[in-house]
Amino acid sequence: MIVPLDEGVRELVGDGDTVALEGFTHLIPVAAGHEIIRQGRRDLTLVRMTPDIVYDQMIGAGCAAKLVFSWGGNPGVGSLHRFRDAIQYGWPRPLEIEEHSHAGMANRYVAGASGLPFAVLRGYAGTDLVDQTDTIKTIECPFTGEKLAAVPALNPDVSIVHAQRADREGNVQLWGITGIQKEAVLAAKRSLVTVEEIVDELDPVPGQVVLPARVVSAVAAVPGGSRPSYAHGYYARDNGAYQDWDAVSRDREEFSRWLAEGLGAQAPLPGKAG
Amino acid sequence: MIVPLDEGVRELVGDGDTVALEGFTHLIPVAAGHEIIRQGRRDLTLVRMTPDIVYDQMIGAGCAAKLVFSWGGNPGVGSLHRFRDAIQYGWPRPLEIEEHSHAGMANRYVAGASGLPFAVLRGYAGTDLVDQTDTIKTIECPFTGEKLAAVPALNPDVSIVHAQRADREGNVQLWGITGIQKEAVLAAKRSLVTVEEIVDELDPVPGQVVLPARVVSAVAAVPGGSRPSYAHGYYARDNGAYQDWDAVSRDREEFSRWLAEGLGAQAPLPGKAG
Amino acid sequence: MTTATGYTADEMMTVAAAHALTSEMACFVGIGLPSTAANLACRTHAPGLWMIYESGTLGTRPDTLPLSIGDGVLAETADTVVSVPEVFNYWLQPGRIDVGFLGAAQIDRYANINTTVIGDYTDPKVRLPGAGGAPEIAASCREVVVVVRQSARTFVDRADFVTSVGHGRGAGERERLGLRGAGPTRVITDLGVLKPDPATRELTLVQLHAGVTVDDVRAATGWELAVSPELASTPEPTAEELSVLRSLTGRD
Amino acid sequence: MTTATGYTADEMMTVAAAHALTSEMACFVGIGLPSTAANLACRTHAPGLWMIYESGTLGTRPDTLPLSIGDGVLAETADTVVSVPEVFNYWLQPGRIDVGFLGAAQIDRYANINTTVIGDYTDPKVRLPGAGGAPEIAASCREVVVVVRQSARTFVDRADFVTSVGHGRGAGERERLGLRGAGPTRVITDLGVLKPDPATRELTLVQLHAGVTVDDVRAATGWELAVSPELASTPEPTAEELSVLRSLTGRD
């Protein structure tokens, strides 16, 4: 249940898997993403409402064949240059995208967590998103005849989240902005949770979400595992790191150097870096 | 915003309204129900997942024309005799019923709170409930073709709940088993919340649900307002009162005496009590 | 009704029901007899049993027996308390729960459960409390165990009203209805244990409690009861089980 | 670009946007310019403004300007923090929110908003971040206010991609699409304020900021801009507004 991070990633994340690393600005599982890069996973379908710099890094490193998302950017800074490079120029490999709104993605996770094949929402009507994906359809209310949007459930092979604490049995506790993490874990076939610390007892905290051990496949203690994002009650967001990423990520060579030196990982595609 | 209970009920609950007094064993708004009886409201459609003795009392007092519910009983004791008398013998007036399962009712409130006309669930398949109501239909997943149950949203004219605390602006805080109360309030056109106490500041409590003042029409301070049910952190359930109700409610005359003497209310139908 | 060996038929039933649970299971617990049995299992051979009540208490471990589905003790001792929609949508519906533990007012030949009405729905002889969480517990748990006192009035050929589907009218019906759990796999009564026949899904007597005869069970069954050729005897409650049970129910 | 009276065009825009909000409103706040304007309103004429961010922070009152939609300060100062599905399903979707405050990468003649892509979707010139919460904010809030710097590249006749529907291709289209909110009721830029024409729904210049001419605005608009016959002047920021704004943005 409690494992080292590298072992957790090795056991739970396979090439070709659909993988969701969730976190809404807060508690982003950055260390787990870096471990996926280091282990050289390939052909992943990456899922996330708000892909930010860790997804930029994974995409730039060539881990992803597809991205399912609703907002991809460097929050407070600007664009994701590796993401753009993949979409606009196919570097280091072409990236297929499946694009939704936040409301749609959130409801897709809810359906996944609920064991339903789809969710219903008021959304997408009149937008050009509808024409770009076959995962937005129309459904009619059987009582009123009203037309609404339907989106299919998301059920990742593995969901990865970061949390403040876990106990020794693997019960997980997170608080602050808890986003979509509960639904992401409940929707997934397997799940990995990195935590700031492992404690004997999870003292209740206002606003907490508890993920019972039986829906968690593995827990890894990774203090600082969501840096440069933040862990409410543990450390603040490193806004400078988000700004610095802009420069690193603008240039393929600079990025490849970061991969090798910053992460100890291979350049994305041998012979093509730069 | 903060009003006396009688004023809150007078302003918010009208004859013929659809009214939900919610509470799942815990925090049942009993005092508000008694005030509805005292004010002699008639022709109400009463909605509740778990109608228990306060609904038995309201039905026996002749307030209700219809009951929308999923489980009607005296928890830990047995049947509701006024409810049975109304259904089996039409006393003091016939009671129409619309019957669901808990999962269906919960999802009907969720749809109501979400501004959707209906909800989808895995439920009811093969049960005889389907034949007894036109509020259970079948819907097909537009992605998989799978058949699921659909139920229409519940949007009461007024929802009434009891909570531990409110602040002076009318923000409400409840904790412990919070059941379906948030959804009941959010689904309703108007809402009344009775509370144990009004405080200057709502100190956060683990497991709390906060209902922001803008979705609450009125708050009334009614200490003990959920007795004989319980208020987590304030008082325990009076199990004896639930047992005593069995004897009182078995007999129309006994019940009418309780109405007059215990509640200061009129007998259900003049000249017909007993 | 205390038998020679010093326990009641209800106690035998509760202990037998507790034996249906193991330490690895997640159990969706109905109030009454099922709750007593699950709490007994927790305190004896199944300390890891993960109990859910429909009030939203997950992984609860009450130190006294809850009197209702929403007792305060359930919230105080739970791993976490969630809303009622969440318990049904996120926990029950996806099939995360191993076993649903249900009672019944009527149960029929195919283990369909009635808790709604005796007689006609629109002109009832006895109006019962209704469905509660049972229809979806019976549909979505990986399997269902029913705990109910046996009598010819309760064990009927065909339920007056199917509140919760067992095996419908026989083999293949759950699959046809799209119900994902296996449905009732055993019915534990004060007389013995019944299981659906693997081929026909008809409830069949497979186990007798001590001091009970097949004729006793037949007399308490409203259809012509099938009896397994490998009819077994239920192990009697141990002294420890009885002592824990009595500390729970307050009968010393 | 500091004007003679000592404030920038961005500051004028932010103050004008803040004026769209009142103390009684609930406002769904997008990050960036809208967030700055809403926080300014809160601290000046609209102390009761109830701000929601899509990260799930309801009734938040940050003491510093949040840098992202999920800043810790939003959670710490909120009436309550809910999950992301809840903020969209229970709060936005039912139409509880008076005003949605949005930015745009492109906005067109009918106030349709593009934050997805410049150029062709499958072969983009510039790939933008995407929809985020905007499509449903634009659909479900009672009204929408857009805050965006004005230029001919941003204000286009027809958006390359409609991420969030404004008024579609004109009057009646929101109703036809079943969108329940009124849609964009004003667009506040660094040059002035535009509102949809009551009859045609085409964005029309109704207000000019100090020192800006109609020709300036026309030059910064990618279609033949209609100008209201009752063109007004935007009140200039007060010293207090500028001082509060600068304390928020850290520009002293």
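Just so it is clear, the values below take in all heavy atoms, side chains as well, and ignore hydrogens, waters and symmetry mates. Within every chain, numbering begins at 1; the chains are lettered A, B, ... in the order of the sequence lines, protein sequences first and strands thereafter.
- In this structure, the portions of C:Glu54 lying under 4.5 Å from any heavy atom of chain B include both its backbone and its side chain.
- In this structure, the portion of C:Asn89 lying under 4.5 Å from any heavy atom of chain B is its side chain and not its backbone.
- Put simply, the residue from B:Phe69, B:Phe83, B:Trp71 that forms a side chain to side chain contact (heavy atoms under 4.5 Å, CB included) with C:Pro129 is B:Trp71.
- Heavy atoms of C:Pro135 lying under 4.5 Å from chain B belong exclusively to its side chain.
- The minimum heavy-atom distance between C:Gly133 and B:His102, with the atom names listed, is N-CD2, 3.3 Å.
- Residue B:Met49 touches chain C through its side chain alone, counting heavy-atom pairs closer than 4.5 Å.
- B:Phe24 touches chain C through backbone and side chain together, each having a heavy atom under 4.5 Å away.
- Both the backbone and the side chain of C:Gln93 come within contact range of chain B, with heavy atoms under 4.5 Å apart.
- Listed by first and then second residue, the salt bridge (Lys or Arg N to Asp or Glu O under 4.0 Å) pairs that reach into residues 116-131 of chain B are B:Arg122-B:Glu146, sequence neighbours excluded.
- Looking at every heavy atom in both residues, C:Phe161 comes nearest to B:Leu129 through CZ-N, 3.6 Å.
- Of the atoms belonging to C:Val126, heavy atoms from both backbone and side chain fall under 4.5 Å from chain B.
- C:Arg176 does not touch chain B: none of its heavy atoms, backbone or side chain, sits under 4.5 Å away.
- Proximity to chain B is limited to the side chain of C:Thr57, based on heavy atoms less than 4.5 angstrom apart.
- Scanning for ring pair (Phe, Tyr, Trp, His ring centres under 6.0 Å) contacts around B:Tyr235 gives an empty result, with sequence neighbours left out.
- Both the backbone and the side chain of C:Leu177 come within contact range of chain B, judged by heavy atoms closer than 4.5 Å.
- Residues B:Glu99 and C:Tyr121 bring a donor and an acceptor atom of their side chains to less than 3.5 Å of each other.
- Closest approach of B:Ile177 to C:Gly70, counting heavy atoms only: CD1-O, 3.3 Å.
- Summarising the geometry of C:Gly72 relative to B:His232, their closest heavy-atom pair is O-CE1, 4.1 Å, with the distance given to 0.1 Å.
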